[in-house]
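Every heavy atom of this structure was used, including side-chain atoms; hydrogens, water molecules and symmetry mates were not. Indexing begins at 1, ligand by ligand and atom by atom, following the structure's order.
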Amino acid sequence: MPSPFILLTPGPTPIPPSVLAKLAEPILHHRTVEFGDIFIQVLENLQYVFRTKNPILLQTTSGTGGMESAVANLLSPGDKTVVAAAGAFGNRWTKILKSYGLNPILLEEDWGRAIDPEKFKQILKTEGNNLKAVFLTHTETSTGVVHPIQLLSRLTHEHSDALVVVDSISGLGGQELETDAWDLDVVVSASQKGLMNAPGLAFVSLSEKAQKAMEASKNPRFYWDWRAMKKSIAQKETPYTPSVSLVVAQSEALRLIKQEGIQNIWKKTSNLAGWTREELKKLGFPNFPQTPCDVLSAGFVPEGADGTELVRRLLKEFRVSIADGQDKLKGRIIRVAHMGYIRQEDIQKGLTALSSCLHAART
Ligand code: PMP
């Protein structure tokens, strides 16, 4: 009998059976009372997970669509922005901004390190005047680093009037994040990681200041227009057909998250992260990031082994899916997730298989 498939990638992640079952239910029409009630409940429960009283918008798109929608709705041509990046997803902010004709000031840090608050402060001190927004990444999935979002947000508000925009696509629901207490203007997340759903939904929270920026923005937008999304919430609707099944499934996943309690989940995820890092080290994969996040572990591939081949072999021979490094880290690190519905026993099995693969590659 083939061994069961184990998904340990940092998104998509496995989803609980009751969430999976919701995806198989008959489709509802999206402009009905039944769907409208589920939709509103999803938004309310997302506020609980985001730790915010701000409105949350739901979009049928992957996380990158949520990021692009932030650029489309908050800015105008010529606006001054800062991107603090130390990995592939930090760089994504830069790529999106450039594709909108903007030219952000870049604070780049080596991959594997967190953004240095001192360097960030210096940029704010010299460039803070007329700065429209800073773009940050909560957990950098390409390196396994957690950035000091609370501190970076405080520094931004101390030295400028800029909006703080945070990608918490892999962080939300696993790594501590307090939207209101940390004064985050916009937080972007997605369904397929800590939120324990299939890929296809993005969520953004908007502070009052972000809503004002949305009204003032001169960027062109249609599908991404937050004004239309916000307005239609009053009718318990989305402007266009949402991914109905994903919304219904999200409602179940959020029910489970609420039942467990977000602080308990943060703690559980953090414990699992510590354990996974130790186990990886024992297997010969020393920890890569300097300030590791809780939602995934990244380890150096042992000398002489090829990480890309290891990941390929693990999937082919053991049906265990982990992630290779991205871009310049390809083949050099492996990444194992411990967010959402991933349990210690799954990681244990995955690491046992990884050890066999490594051994086989050496003999
Ligand atoms: N940012 C981060 C931190 C991510 O982990 C990801 C997904 N790996 C993205 C952005 C992009 O999200 P998506 O692939 O859903 O568009």
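Salt bridge D180/K53: absent, no basic N to carboxylate O contact under 4.0 Å.
No side-chain heavy atom of I15 sits less than 4.5 Å from a side-chain heavy atom of Y341. The shortest side-chain heavy-atom distance between L195 and F203 falls under the 4.5 Å cut-off.
Near ligand 1, residues S62, G63, T64, M67, F89, R92, T139, T141, D167, I169, S170, Q192, K193 each place a heavy atom inside the 4.0 Å sphere around the ligand atoms.
Aromatic ring centroids of Y240 and F222 lie under 6.0 Å apart.
Applying the 6.0 Å contact sphere to NZ of K230 captures no more than 12 heavy atoms from other residues, nucleotides or ligands.
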Q) When you look at R51 and E178, which way does the salt bridge (Lys or Arg N to Asp or Glu O under 4.0 Å) test go after all the steps? A) CA-CA 5 Å; R51 322 293 295 148; E178 294 280 354; 3.4 Å; yes
